[in-house]
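Since the structure comes first, as C-alpha cells, the remarks are kept for the end.
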Amino acid sequence: MSSLLNNELADLSVEQLMIPAEKVAHVQVGNPIEHALLVLIESGYSSVPVLDSEYRVQGMIGKTAILKSVTGLERFEMEKLADIKVEQVMETEKPRLTRGDNFLKGLKVVINHAFTCIVDEHGQFLGILTRRAILKEVNKVMYAAQ
Ligand code: 2BA
C-alpha cells in the first residue's frame, strides 16, 4: 500500500480534488446567524465556510454552534438569531490548505475535519477539500490494486 500511495496518490494536489468556490455554500462574517442557519438548513450541510467581503476565509460555522448560542436556561431564545453576527459564533482555529499542498497533507487534515478550506497566497477562498473526495481516491487505488 505504501508504494501505491507514493505512486498514485502522493502526486495528486489538493487542488485537483477541490470543490470550486462557486459550488460551495458559504456565509459572510457580518451576516446574522439567522441567515447562516437558513443557508445550513437549505443546503443540508452541517457547517460551511465563513468569508469576508474580500472573499478571504475567516472561519467556519455550523448548526451546533448556532443553536448553542441561542440556548437559554429553559428554551431556545430564537429571537436572538437576528441580533447575533456570524463572527461572534464562528470557529476560527480550523486548518487550511493551499492549492499546491499534496494529497497526503489533505488526508491528514480530513481525519479530524469533514472538510477544509483551500486558499491562495492572499488567504482568498478557492474551494474546499472534503473527506468524501479523499476517500474516493483511496477507494479507487485500493480497488485497482486488487
Ligand atoms: P456534512 O454536512 O456533515 O456532510 C457529511 C457528508 O454527508 C458529506 O461528506 C456528504 O457525503 C454527505 N452530505 C451531506 N449533505 C449533503 C448534500 N446536501 N448533498 C450531498 N451530500 C451530502 P463530504 O462530501 O465529505 O463533505 C464534508 C463536509 O464538507 C460536509 O459535512 C459539509 O460541512 C462540507 N461541504 C461539502 N460540500 C459542500 C458544499 N458544496 N458547500 C458547503 N459545504 C460543503
Side-chain angles (χ1 to χ4, degrees), residues 1-2 4-71 76-78 80-146:
M1 181 62 192
S2 73
L4 277 174
L5 269 175
N6 284 338
N7 297 336
E8 308 257 344
L9 296 176
D11 288 345
L12 281 175
S13 72
V14 294
E15 191 176 21
Q16 290 172 273
L17 305 178
M18 174 175 86
I19 298 177
E22 63 272 17
K23 293 193 176 156
V24 178
H26 72 272
V27 297
Q28 297 222 323
V29 269
N31 291 148
I33 55 172
E34 183 169 41
H35 173 73
L37 190 56
L38 283 171
V39 169
L40 288 162
I41 287 169
E42 290 207 342
S43 66
Y45 296 116
S46 45
S47 67
V48 294
V50 178
L51 308 181
D52 66 16
S53 56
E54 321 254 279
Y55 230 61
R56 286 176 305 224
V57 176
Q58 300 297 321
M60 292 179 198
I61 191 162
K63 288 172 189 157
T64 308
I66 292 176
L67 288 178
K68 217 169 158 191
S69 73
V70 297
T71 302
F76 291 115
E77 295 164 356
M78 300 307 258
K80 287 187 178 167
L81 284 173
D83 299 327
I84 302 174
K85 297 270 188 262
V86 163
E87 60 200 313
Q88 295 171 259
V89 171
M90 68 186 186
E91 284 184 72
T92 54
E93 298 301 311
K94 299 273 191 180
R96 287 169 205 173
L97 294 168
T98 55
R99 60 174 126 203
D101 286 335
N102 66 16
F103 180 88
L104 291 178
K105 194 160 176 195
L107 173 64
K108 243 184 213 163
V109 172
V110 302
I111 291 172
N112 290 320
H113 305 276
F115 76 99
T116 189
C117 291
I118 301 176
V119 297
D120 71 9
E121 51 282 12
H122 308 292
Q124 282 213 308
F125 182 56
L126 298 174
I128 59 173
L129 176 71
T130 63
R131 195 174 275 163
R132 180 171 188 267
I134 290 279
L135 286 175
K136 240 170 112 179
E137 292 306 313
V138 172
N139 186 52
K140 250 193 243 167
V141 170
M142 300 283 283
Y143 267 96
Q146 276 184 347

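Both counts, for ligands and for their atoms, begin at 1 and track the order of listing.
- With ligand atoms numbered from 1 in the order given, ligand 1 contributes 25 (O) to contacts under 4.0 Å with heavy atoms of Arg131.
- In terms of polar-atom proximity, defined here as any N/O pair under 3.5 Å, Pro49 makes no such contact with ligand 1.
- Counting protein heavy atoms under 4.0 angstrom from atom 17 (C) of ligand 1 gives one or more.
- Within a 4.0 Å radius of atom 21 (N) of ligand 1, the protein has no heavy atom.
- Closest to atom 1 (P) of ligand 1, if we only count protein heavy atoms, is Ser46 OG, 3.3 Å.
- Given atom 41 (N) of ligand 1, the protein heavy atom at minimum distance is Ala25 N, 2.9 Å.
- In this structure, atom 32 (C) of ligand 1 has a protein heavy-atom contact shorter than 4.0 Å.
- Contacts between Leu135 and ligand 1, counted as non-hydrogen atom pairs separated by less than 4.0 Å, are absent for every part of the residue.
- Protein heavy atom closest to atom 40 (N) of ligand 1, with residue, atom name and distance, is Lys23 O, 3.0 Å.
- Judged purely by atom type and a 3.5 angstrom limit, Ser47 has no side-chain atom pairing as donor or acceptor with the backbone of Met60.
- Counting heavy atoms from C-beta outward, Val29 and Lys85 have side chains that stay 4.5 Å or more apart.
- Listed for the Glu137 side chain is no donor-acceptor partner under 3.5 Å among the backbone atoms of Ile134.
- Atom NZ of Lys140 and atom CG of Leu135 lie 12.5 Å apart (nearest 0.5 Å).
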Val48 and Ile61: CA distance, side-chain angles, deciding distance, side chain to side chain contact (heavy atoms under 4.5 Å, CB included) verdict: CA-CA 6 Å; Val48 294; Ile61 191 162; 4.2 Å; yes

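- Rounded to the nearest 0.5 Å, atoms CD (Glu34) and CD1 (Ile84) are 11.0 Å apart.
- Of all the heavy atoms of Val48, the ones lying under 4.0 Å from any atom of ligand 1 belong exclusively to the side chain.
- Nearest to atom 27 (C) of ligand 1 among the protein's heavy atoms is Ala114 O, 3.1 Å.
- Listed by number with element, the atoms of ligand 1 under 4.0 angstrom from any heavy atom of Gly44 are 15 (N).
- When atom types are taken as modelled, the side chain of Asp83 and the backbone of Lys80 share no donor-acceptor pair closer than 3.5 angstrom.
- Less than 4.0 angstrom separates atom 44 (C) of ligand 1 from at least one non-hydrogen atom of the protein.
- With respect to atom 34 (C) of ligand 1, the closest heavy atom belonging to the protein is Phe115 CD2, 3.4 Å.
- In the vicinity of Ser43, heavy-atom distances shorter than 4.0 Å reach the ligand 1 atoms 18 (N).
- Compare Lys63, Met60, Arg132 by their heavy atoms: the one nearest to atom 25 (O) of ligand 1 is in Arg132.
- Counting heavy atoms from C-beta on, the side chains of Phe103 and Val14 never come closer than 4.5 Å.
- Classification of the Phe125-His26 ring pair by plane angle, with boundaries at 30° and 60°, yields tilted.
- Under the 4.0 Å distance rule, the nearest protein heavy atom to atom 4 (O) of ligand 1 falls outside the cut-off.
- Although no hydrogens or angles enter the test, the distance criterion places no donor-acceptor pair under 3.5 Å between the side chain of Gln28 and the main chain of Ser53.
- In this structure, Arg96 contributes its side chain and Cys117 its backbone to no donor-acceptor pair below 3.5 Å.
- Residue, atom and distance of the protein heavy atom nearest to atom 13 (N) of ligand 1 are Tyr45 CE2, 4.5 Å.
- Residue, atom and distance of the protein heavy atom nearest to atom 35 (N) of ligand 1 are Ile128 CD1, 3.6 Å.
- Looking at Ala133 against ligand 1, nothing comes within 4.0 Å, counting heavy atoms.
- Side-chain contact between His113 and Lys108 is absent, with no heavy atoms from C-beta onward closer than 4.5 Å.
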